[in-house]
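The next block holds one structure in the form of structure tokens; read it before the comments.
Each chain gets a letter, A, B and so on, in the order its sequence line appears, and its residues count up from 1.
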Amino acid sequence: MHTKLLLGLALALFAAGCATSHPDLPITQQQRSLNDFDRTQRKTAPPVADAVTGERIMRARSEPHNWLTYYGAYDGQRYSALDQINADTVARLKPAWIFQAAPIGLISSPATFALEAAPIVVDGVMYLSGWDGQVWALDAATGDLLWRYHHAIPLDLPLCCGNVNRGVAVAYGKVFYSSPNGHLVALDAKSGKVVWRQAWLDPRAGESSTMAPLVVKNMVIVGSSGAEYGVRGHIDAFDSQTGRRVWRRYAVPKPGEPGSDTWGANDAWQRGGGSAWITGTYDPQLNLLYWGTDNPSPDFDGRMRPGDNLYTNSVLALNPDDGSIRWHYQFTPHDVWDYAGVNENILFEQDGRPLLAHFDRNGYLFILDRRTGERLRVTQFGERVTWGRIAPDTGRVSDRQEPTREGKYICPGPAGAKEWTHAAYSRKTGLLYTPVIDLCGTFKLIETPFEEGLGYWGGDFIATPEDAKGGYVKAFDPASGKMIWSTKFPFPMVASVLATAGDLVFAGEPNGDFDALDARNGQVLWKFKTGSGIHSSPVAYSVRGKQYIAVPTGWGGWLKGFAVDTFGASRGSAVVVFALP
Amino acid sequence: MLPPRNRFGAFSLAIPLLTLALAQFLAGCEHAKLLRPQVLKQLDTDVAALVNELPEMDHQNKAIIGRLFAQGGLTRASLGEDGIMRGRIRIPANEYIWKPAIVVMPQGGVLELDVANEDVAHHMMYMPHNGEREVLDLPAQTRGIIRVQLDQPGYYWFGCPVANHATRGMLGLVLVKGEVPPGAKLDRPPQPRPPEGRDRHAH
């Protein structure tokens, strides 16, 4: 009896062993790409990108039918010389085509996805990226899908503020794309197939990528995201042919490096923030790259990082050949409000002098001499600005109102009086145009121990819908810093504006309205309801003599920071393109 | 009654068999691994409540309508000499579940799955992949191979995109362990990572 028991136990143990059986079915099924299930795709694009070079992008102004680089040209002006659509004809503007994208299944950060790209247009082909690792090539005249690329994005990626991507760069027959999980990918611009890939970020350290790369000379330049996770922010340059890294520039210096004395004598620099997630601008004559840097970490608690915290909240004038810093200007020293200094730096000339205009999140417009960083003018452009006062003559900050444990009511909110969405400069009117957010709220200090990969805000921001007072598009004269006109909107204005030679400024609203304003007086001349809020960068281009205006739509991003009153607004995801009939 | 020598002979066979079975059980079996202290300490009240509820809950059309997607279990993809990580998944009949539903990759790279649809229904496997999502079409009672590239740590979902199969139980996860390449790391000293089990037993 004992023997039978023992034998039975032995057999049971074998049976309970861990080998799993696999059925005896023959292998008959082969995998296919999702693209093979889409016969509507042409699968190939004409070889228009082969002839795009760094040299040609320098002369982007000479081909206004294209939108060759993120801002249209290296100067960041977001100005189109096309004028077929103008103040007289805009009333007849109609949709020409719509491209739509929707998720199948789960995506990371599912309540935040938005199309935020500035589409690139090269000789009739549009290239853009979307949320969750997607890149598309479209026929710019018809909207037909030419090819599609999808990068696999893990669901648990540390995305502080949105499953978003601001676009691609196109040159040398390739489309350069930085995936949210930190791969820089060079795609064949004809097929969308990978030419090379380079892992350049560490998501375990809280890093991610949201920006559009910039091609300068033979390099692809990108900046990191992640200052809400206590990263050490950086800007990297890669060889466009091979993917080999040429240089990396950290925005937070190590002990002993210039600027390290602005961090206090501790290890705060190791997680000091200063990421660089907005595409820079470039002056080929001066050979200087102008790149904004993010807030220091933790966002709202500055006690462990006494000092100015260079080079956070700054514009860095970099030598693009080696990443060295020629000069810097810090917009918000020792930031404790998350007033990231990443916003664009627009390059323009005045009386022959090369200048730079920067609408900072802190509510002030800075005009600098871009050769040296010398400050020429500081003007308040935000509506309610109470965090501190910047003296127009010295640039010094006084009357700082900082977050407290109990909470302090401060303006503007952490996404600033202007978010990352871009301003424009009209070469025709000589005016700067900017979208504006009017939001205040309570900044609260909360002791936060640092743990790699977790949020490192050092506090919280609390705002109710009553704290949001809408938005504006405003026009400024850079020569005087004076406001020329201001048009109020019911919700915060958080889409890039686009200025055209047709005396128009295009702007997008959170309620889905896409608007054309008269560049001379701000009067709204035309509106179209796209159906979902706009948080992107519209562009202008033409194909075979016909002008188009393209606007990616879809409401998402860090709504808590800039549009607390529209979290429940209609979501969507489409590129809407307009033309005259 | 058997003669004593016969009894002794059978007994002598049972002893080595039992030893062998025990050795296998303890060395490789998932059940034995459950007895490890770091596993047992996860059984706080909430987890115990989950385990206790599963027999009532985790069937097709019982307490709820579908299955809890993670209950297909887990497999560890094995790294082959060719650098490819491999695993096998079944779709049992009438369960609407991937078995196992969680695939662990020890590091980023190429994953190859051998998937057998034993069900009488049509299923598809919709997998993440760097390039474009890959699809393995599996008509009833067929089997196929799917290979994908997942390079970065984190977890990725896969599922059956037919009708409501995915959210009736056929959702799965690929967990990619490991670190990014050294060239993608930040230049800074090692930083503290979140401690394990911080909120266990916090009741």
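A heavy-atom distance below 4.5 Å is found between the side chains of B/D187 and A/R232. The shortest side-chain heavy-atom distance between A/H150 and B/P128 does not fall under the 4.5 Å cut-off. Between B/P139 and A/Q29 the shortest side-chain heavy-atom distance falls below 4.5 Å. A 4.5 Å side-chain heavy-atom check between A/Q31 and B/M125 finds every atom pair outside the cut-off.
Within the model, atoms CZ of B/R90 and CG of A/L25 stand 10.5 Å from one another, a figure rounded to the nearest 0.5 Å. Expressed to the nearest 0.5 Å, how far CG of B/L186 lies from CZ of A/R248 amounts to 6.5 Å. Rounded to the nearest 0.5 angstrom, B/R193 CZ and A/F450 CZ are separated by 9.5 Å. Going from atom CD of B/E134 over to atom CZ of A/R32 covers 10.5 Å, rounded to the nearest 0.5 Å. From B/Q141, atom CD reaches atom OG1 of A/T28 across 11.5 Å, with rounding to the nearest 0.5 Å.
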Where do B/M124 and A/F37 land on the side chain to side chain contact (heavy atoms under 4.5 Å, CB included) test, with the steps shown first? CA-CA 13 Å; B/M124 293 169 93; A/F37 288 80; 3.9 Å; yes

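Applying the side-chain contact (heavy atoms from CB on, under 4.5 Å) test between B/V180 and each of A/N181, A/D202, A/L201 identifies A/D202 as the sole match.
With chain B as partner, the option from A/Q270, A/H234, A/E207, A/H151 having the largest number of non-hydrogen pairs under 4.5 angstrom is A/Q270. Interface check for chain B: of the options A/P203, A/G105, A/G453, A/A205, the most heavy-atom pairs under 4.5 Å are formed by A/G105. Each of A/G192, A/S33, A/A199 has some count of heavy-atom pairs under 4.5 Å with chain B, and the biggest count is that of A/S33. Residue with the most contacts toward chain A among B/E118, B/H129, B/E132: B/E132 (heavy-atom pairs, distance under 4.5 Å). Among the candidates A/E452, A/R148, A/K193, A/R271, the residue making the largest number of heavy-atom pairs closer than 4.5 Å to chain B is A/E452.
By a heavy-atom distance cut of under 4.5 Å, not one residue of residues 76-86 of chain B is near chain A. Within residues 144-158 of chain B, the residues having any heavy atom under 4.5 Å from a heavy atom of chain A are, by residue number, B/G144, B/I145, B/I146, B/R147, B/Q149, B/L150, B/D151, B/Q152, B/P153, B/G154, B/Y155, B/Y156, B/W157. Scanning residues 96-114 of chain B against chain A with a 4.5 Å non-hydrogen threshold yields B/D114, sorted by number.
Using a 4.5 Å cut-off between heavy atoms, A/K254 contacts chain B through its side chain alone, with no backbone atom that close. Of the two parts of A/L157, neither the backbone nor the side chain holds a non-hydrogen atom closer than 4.5 Å to a non-hydrogen atom of chain B. Residue A/V135: no heavy atom, backbone or side chain, is found under 4.5 Å from chain B. Looking at A/Q30, only its backbone comes within 4.5 Å of chain B, counting heavy atoms on both sides. Using a 4.5 Å cut-off between heavy atoms, A/Q198 does not touch chain B at all. Neither the backbone nor the side chain of A/L187 has a heavy atom closer than 4.5 Å to any heavy atom of chain B. For a residue to count as touching a neighbouring chain, one of its non-hydrogen atoms must lie under 4.5 Å from one of that chain's; by this rule B/A116 touches chain A with backbone and side chain alike. A/R197 touches chain B through its side chain: at least one heavy atom from C-beta onward sits under 4.5 Å away, while N, CA, C and O do not. There is no contact between B/V174 and chain A, counting heavy-atom distances below 4.5 Å.
The salt bridge (Lys or Arg N to Asp or Glu O under 4.0 Å) search around B/R168 returns none, not counting sequence neighbours.
Side-chain N or O atoms of B/R133 include none that pairs as donor or acceptor with a backbone N or O of A/I104 at under 3.5 Å.
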